[in-house]
K.L.:
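Below are the structure tokens for one structure; questions will follow.
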Amino acid sequence: MAGRPPRDARDRPLPAGHDPRQPIDQLLEDLRASLDGLSSAEAGQRLVEYGPNELRRQGGTRWWRDLVRQLVHPLALVLWVAAGLAWVAGTPVLAAAIVVVILINAVFAFAQERHAEHAVEALNRYLPQQAGVLRDRRRQQVDARHLVPGDVVFIAEGERISADARLLDGSIEVDLSALTGESQPVYRAAGDTSTREPLVQASNLAFSGTACLGGEAQALVYATGMRTELGRIAALSQRVGREESPLERQVKRVAWLIAAVAGVAGAIFFPIGVWAAGMPISDAFAFAIGLLVANVPEGLLPTITLALAVGVRGLARRGAVVKRLSAVETLGSTAVICTDKTGTITENKMRVVAAWSAAGLIEEADLTRRDQPPVVRDLARTGVLCSNAQLGSGPDAEAAGDPTEIALLRFAEGLSVDTSPQQRPQCRRGEFHFDPRLRLMSTVDVDEHGMWLHTKGAPEAVIARCTMIAEADGREQPLDDTTRQHLTEAVTAQAAKGMRLIAAARRPVSDVPASRDEAERDLCFLGWVAMLDPARPEITDAVACCHTAGIRIIMITGDHGLTAAAIATKVGITAPNPTVVEGDHVDVMPDDELTDLLAHTPDLVFARSSPEAKLRIAKALQNTGHVVAMTGDGVNDAPALRRADIGVAMGRTGADVTREAATVVLTDDNFATIVAAVQSGRQVYDNVRKFILYIFAHATPEVVPFLIFALSGGAVPLPLTVLQILAIDLGTETLPALALGREPAEPGLMNRPPRRRGSTIIDRHMLIRAWGYLGIISAVLVMAGFFLTLYRAGWRPGAPTGPGSPLHHAYRQATTMTFLGIVACQVGTALAARTERASLRSVGLLTNRLLIWGIAFELAFAAAIVTMPPLQAIFGTALPDPAMLAILIAFPMLVWAPDELRRAVLRHRTRRR
């Protein structure tokens, strides 16, 4: 290759006409490769041309964009205006203080968001780190990121495949569940295949990110990185844009409302101050700045961020890693959970629970009896020989292989049938790997009685190839139509219970059959075993909790419909006989029909679902106004997880693409953890409302002093300074607000229906309670303290109180009284905000110890501002007389008691209904 490729060469497709299913000679020519592999120099050039073998984030978020987003938040914009006015008015110290507030808010929120989003990175351990490759005509290990099209790689049992490749030699069993959602392993072997069948179903191809469960092979890499099937689905998921969470949208909406109120108030009262009150321009500017700052709750954003961060840490301890802070609140509004089955609802641990033969049905309690009829032992031995799994040799050793085959080995082990891994290589003379289309696997084995063909697979497939049936003592009898019908009915009955059935048959052979068709015929039916992937023990209670909370659960799985329906019914997700919809039916269903199905069919199970089907289901549910949580572990789940309001990925078994797309990663892969996360989300939502109420309630006593100043035409001096407002908003109220964010859950939290998508966290009732009830009471008390202090010093309206005047010290005492009055009212507001309807007595005065410490801190902080000379000089405070300080003791009770009475009235009205 001459010269360096253009910058976008790594995104260039391989040569035209390239098809990995075409004859190998043509594929080698298209890839400019050979069976001897590449040279290191050629591989290096191709690495430059096509880029590293990794999944790239497309259009990823840059850190500076996140930071700028915090700096241009509507609340920040209002403060920028206030800082500009302060600078124009000739008060650079105040302007600098406001800018510092803006920067602190932005950096703090940015740091918390980035920290939460990076918390999940430690879980990304999906693609293999090393790969065996033929380079320079010798086998060597290279970094999997350095694989390129044209490489010849080695695939062995237990390894993850590093790139999309065409098998050149050998055969393997592959777990394709990450791509297809199908849990049954598939057989892949070297050789030609039809170019008309779908790429993922081609029997000579292996794909990046999938796992080799058995066998060995050499393969030719034809696609790496984002050009693989894995990369295609990753790109599909990344094209689904990130939407703002309900909390983000609501806070921004309210922020614009506050900004509009502050701007309009400033625009109206600035000319009033200049023309009606005759204030100098500088004083009018100071007044406008104060009005803006008083309207803006500076502590709101950091308080929300901290409360959500606390929720993130709490969820992490419970097994749910939340990547985005605002997702905690979204969890609380979840109305529908779309969940898969294996590993989330079930334990992903297959075990044999029943066995059938001509001797009859053996239930689980009798499976380990040693005196089983000969036909049962033959059934178990066939399951051992026709298998590639292995049990661990030590007490703590883990089994290796397909979970179904492991369950068969354990069944045989319970009957004292030899399951040692050494016997199969000694006995086996041939193997026909599992074929997903035939749903059969066969082996040819020898023992002391001769050579046998052993077959296992789906009962209907095995029965169709049998002409004989083994009696209890092992003797063979012809399999007539009546017996076939009886077997089919028994199989259907077990499948309807959620069992996975594996049947076994055998026949004597004189030599290894030349073909599969010749081998799998005229078999003698031995029986079948029923296996169960048990539901997690805690799942029933978790599902019941969801139903109580009004949360709908829809199972969407790649498994068989009967099995999925049985499990869904057993754990309470659906009523008996749910509607089962196959994925191929969803794929051709119009959007309106799908939406109608979801809206009017309460008990739904989606089986054999494709990635596109899951994505469409999520969209349809969202279009009906529901907040949707979607679980998944395979790469094929990633687009739907990104589309859902809450994408929930499995941390143990999930793919890295899935974890990247998800909002929440479960470290224990447990559905019950999702329910716990929803409960935590609801608690966080309630607590966010509580501290927003607490913060907003203080806007009224902060704004009223400025309005009185303007409406009096300057006859009443400003009862509060801008720096004192900042001391309240960023100092005294912060810790109590954070403590309200840790308030214990109120009783009945999970008995309420979920909130609708359009519901707002800051609603009319909250604003009336905050601004018009608690705020008005606080404003009356605060202004009473201000005027009483001035009147006791001999002040009358219009009397001068500026520096050098006789009343200046009394004026500073009066503004201090306003400041301390607001702080005292904050204590009462904090106690009132702890509950929406319940009484304080019912939740307990001391149950939130952090709030007690927060109140202690704000009182100490306020005391420091009014008693320490350096702080007195900064904030313009002076210690009021002891008699005035004594009045403040009653303020908390005077704020809390009326609200306690209001909540009692509400409870009484509710009971009467």
K.L.:
Is there any salt bridge (charged side-chain N to carboxylate O under 4.0 Å, His left out) pair reaching into residues 707-720, and which pairs are they, with sequence neighbours excluded?
P.N.:
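Sorted pair list comes back empty.
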K.L.:
Quick one: list whatever passes side chain to side chain donor-acceptor pair (under 3.5 Å) with Arg769, sequence neighbours left out.
P.N.:
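Arg769 satisfies side chain to side chain donor-acceptor pair (under 3.5 Å) with Asp899 only.
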K.L.:
Output every pair passing salt bridge (charged side-chain N to carboxylate O under 4.0 Å, His left out) with a member in residues 799-813, not counting sequence neighbours, ordered by first then second residue.
P.N.:
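Matches after skipping sequence neighbours: none remain.
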K.L.:
Measuring from atom CG of Leu707 to atom OG1 of Thr700, what distance do you get when rounded to the nearest 0.5 angstrom?
P.N.:
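Taking CG in Leu707 and OG1 in Thr700, the distance rounds to 9.5 Å.
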K.L.:
Quick one: does Arg742's side chain get under 4.5 Å of Asn687's, heavy atoms only?
P.N.:
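Side chain of Arg742 against side chain of Asn687, heavy atoms only: no contact under 4.5 Å found.
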K.L.:
State, yes or no, whether a side-chain contact exists between Arg682 and Pro754 at a heavy-atom distance under 4.5 Å.
P.N.:
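Yes - at least one pair of side-chain heavy atoms lies under 4.5 Å apart.
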K.L.:
Do Thr835 side-chain atoms and Ser839 backbone N/O form a donor-acceptor pair below 3.5 Å?
P.N.:
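No; judged by distance alone, with no hydrogens or angles, the pair does not exist.
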K.L.:
Checking the side chain of Arg903 only, and the main-chain atoms of Ala838 only, is there a donor and an acceptor separated by less than 3.5 Å?
P.N.:
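Such a contact is found between Arg903 side chain and Ala838 backbone.
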K.L.:
Taking side-chain contact (heavy atoms from CB on, under 4.5 Å) as the test, write out the residues that go with Thr801, two or more places apart.
P.N.:
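Listed in chain order: Pro717, Trp795, Leu807, Tyr811.
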K.L.:
Will you find, in the side chains of Gln826 and Thr732, an N or O donor that is under 3.5 Å from an N or O acceptor?
P.N.:
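There is such a pair between these side chains.
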K.L.:
Report the distance from atom OG1 of Thr867 to atom CG of Leu879, rounding to the nearest 0.5 Å.
P.N.:
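With rounding to 0.5 Å, OG1 (Thr867) is 7.0 Å from CG (Leu879).
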K.L.:
Do Phe861 and Ile728 pass the side-chain contact (heavy atoms from CB on, under 4.5 Å) test, and can you show the C-alpha distance, the side-chain angles, and the key distance before you say yes or no?
P.N.:
CA-CA 10 Å; Phe861 183 79; Ile728 294 169; over 6 Å; no
K.L.:
Going from CZ on Arg902 to CD on Glu900, what distance comes out if it is rounded to the nearest 0.5 angstrom?
P.N.:
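Reported value, rounded in 0.5 Å steps: 10.0 Å.
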K.L.:
Going by side-chain contact (heavy atoms from CB on, under 4.5 Å), name the residues that satisfy it together with Val684, two or more places apart in sequence or in a different chain.
P.N.:
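For Val684, the residues satisfying side-chain contact (heavy atoms from CB on, under 4.5 Å) (neighbours in sequence not counted) are Leu308, Val328, Val688.
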K.L.:
Show the nearest heavy-atom pair for residues Ala824 and Phe891, with the distance to one decimal.
P.N.:
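Closest pair (atom of Ala824, atom of Phe891, distance): CB-CB, 3.7 Å.
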K.L.:
Could you note down all residue pairs passing salt bridge (charged side-chain N to carboxylate O under 4.0 Å, His left out) where residues 786-799 supplies at least one of them, sequence neighbours left out?
P.N.:
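Non-adjacent pairs meeting salt bridge (charged side-chain N to carboxylate O under 4.0 Å, His left out): Arg792-Asp881.
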K.L.:
Show your reasoning for whether side-chain contact (heavy atoms from CB on, under 4.5 Å) applies to Val823 and Glu858.
P.N.:
CA-CA 8 Å; Val823 172; Glu858 75 170 326; 4.0 Å; yes
K.L.:
To the nearest 0.5 Å, what is the distance between NZ on Lys690 and CG on Leu851?
P.N.:
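One gets 11.0 Å once the value is rounded to the nearest 0.5 Å.
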K.L.:
Closest heavy-atom contact between Asp645 and Val627?
P.N.:
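Of all heavy-atom pairs spanning Asp645 and Val627, the closest is OD2-CA, 3.4 Å.
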K.L.:
Taking side chain as C-beta onward, heavy atoms only, is Ser333 less than 4.5 Å from Tyr685?
P.N.:
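Answer no - side chains too far apart.
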K.L.:
Can you name the nearest heavy-atom pair linking Leu831 to Leu840, along with the distance?
P.N.:
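The answer is O-CD1, 4.1 Å.
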K.L.:
Given Leu720, which partner from the list Val704, Thr816, Ile822, Thr815 fulfils the side-chain contact (heavy atoms from CB on, under 4.5 Å) test?
P.N.:
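For Leu720, the side-chain contact (heavy atoms from CB on, under 4.5 Å) check succeeds only for Ile822.
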K.L.:
Which residue pairs pass the salt bridge (charged side-chain N to carboxylate O under 4.0 Å, His left out) test when at least one of the two sits in residues 712-725, sequence neighbours left out?
P.N.:
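Of all non-adjacent pairs touching residues 712-725, none passes salt bridge (charged side-chain N to carboxylate O under 4.0 Å, His left out).
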K.L.:
side-chain contact (heavy atoms from CB on, under 4.5 Å) with Leu735: which residues, sequence neighbours excluded?
P.N.:
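Counting only residues at least two positions away or on another chain, Leu735 forms a side-chain contact (heavy atoms from CB on, under 4.5 Å) with Leu738, Phe857.
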K.L.:
Does any part of the side chain of Leu693, heavy atoms only, come nearer than 4.5 Å to the side chain of Thr829, both counted from C-beta?
P.N.:
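They are not in contact (no side-chain heavy atoms under 4.5 Å apart), so the answer is no.
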K.L.:
Apply salt bridge (Lys or Arg N to Asp or Glu O under 4.0 Å) to Arg689 and Glu836, showing your working.
P.N.:
CA-CA 9 Å; Arg689 281 180 57 88; Glu836 294 243 1; 3.0 Å; yes
K.L.:
Would you say that Phe819 contacts Val866 through its side chain, given a criterion of any heavy-atom pair below 4.5 Å between the two side chains?
P.N.:
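Yes - at least one pair of side-chain heavy atoms lies under 4.5 Å apart.
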K.L.:
For the atom pair CG (Leu820) and CE (Met817), what is the distance rounded to the nearest 0.5 Å?
P.N.:
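That separation rounds to 7.0 Å.
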K.L.:
Give every residue pair that meets the ring pair (Phe, Tyr, Trp, His ring centres under 6.0 Å) criterion with at least one member in residues 727-753, sequence neighbours excluded.
P.N.:
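Not a single pair qualifies under ring pair (Phe, Tyr, Trp, His ring centres under 6.0 Å).
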K.L.:
Tell me the closest heavy-atom pair linking Gln724 and Thr877, and the distance in Å.
P.N.:
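Looks like NE2-CG2, 3.6 Å.
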K.L.:
Output the distance between atom CG (Leu906) and atom CG (Leu901), rounded to the nearest 0.5 Å.
P.N.:
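Result: 10.0 Å between the selected atoms.
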K.L.:
Where is the tightest heavy-atom contact between Pro719 and Pro705, given as atom of each residue plus distance?
P.N.:
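The answer is CD-O, 3.3 Å.
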K.L.:
Tell me the closest heavy-atom pair linking Gly802 and Ser805, and the distance in Å.
P.N.:
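Residues Gly802 and Ser805, closest heavy atoms: O-OG, 2.6 Å.
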K.L.:
Please list, chain by chain and in numerical order, all residues satisfying ring-ring contact (aromatic ring centres under 6.0 Å, His included) with Trp896, sequence neighbours excluded.
P.N.:
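None.
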K.L.:
With a 4.5 Å heavy-atom cut-off, do Leu888 and Leu885 have their side chains touching?
P.N.:
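Counting from C-beta outward, Leu888 and Leu885 do come under 4.5 Å.
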K.L.:
For Gln813 and Ala878, indicate whether the former's side chain and the latter's backbone hold a donor-acceptor pair under 3.5 Å.
P.N.:
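Side chain of Gln813 to backbone of Ala878, a donor-acceptor pair under 3.5 Å: no, none is there.
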K.L.:
Which atom pairs, donor and acceptor, lie under 3.5 Å between side-chain atoms of residues 773-789 and protein residues at least two apart or in another chain?
P.N.:
| unit_1 | atom_1 | unit_2 | atom_2 | d |
| --- | --- | --- | --- | --- |
| Tyr773 | OH | Pro898 | O | 2.8 |
| Ser778 | OG | Leu774 | O | 2.9 |
| Thr789 | OG1 | Gly785 | O | 2.8 |

K.L.:
Answer whether the closest heavy-atom distance between the side chains of Ile887 and Met884 falls below 4.5 Å.
P.N.:
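Sidechains of Met884 and Ile887: in contact.
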K.L.:
Can you sort out the partners of Glu743 under side chain to side chain donor-acceptor pair (under 3.5 Å), two or more places apart, ordered by chain and number?
P.N.:
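Only Arg834, Asn848 meet the side chain to side chain donor-acceptor pair (under 3.5 Å) criterion with Glu743.
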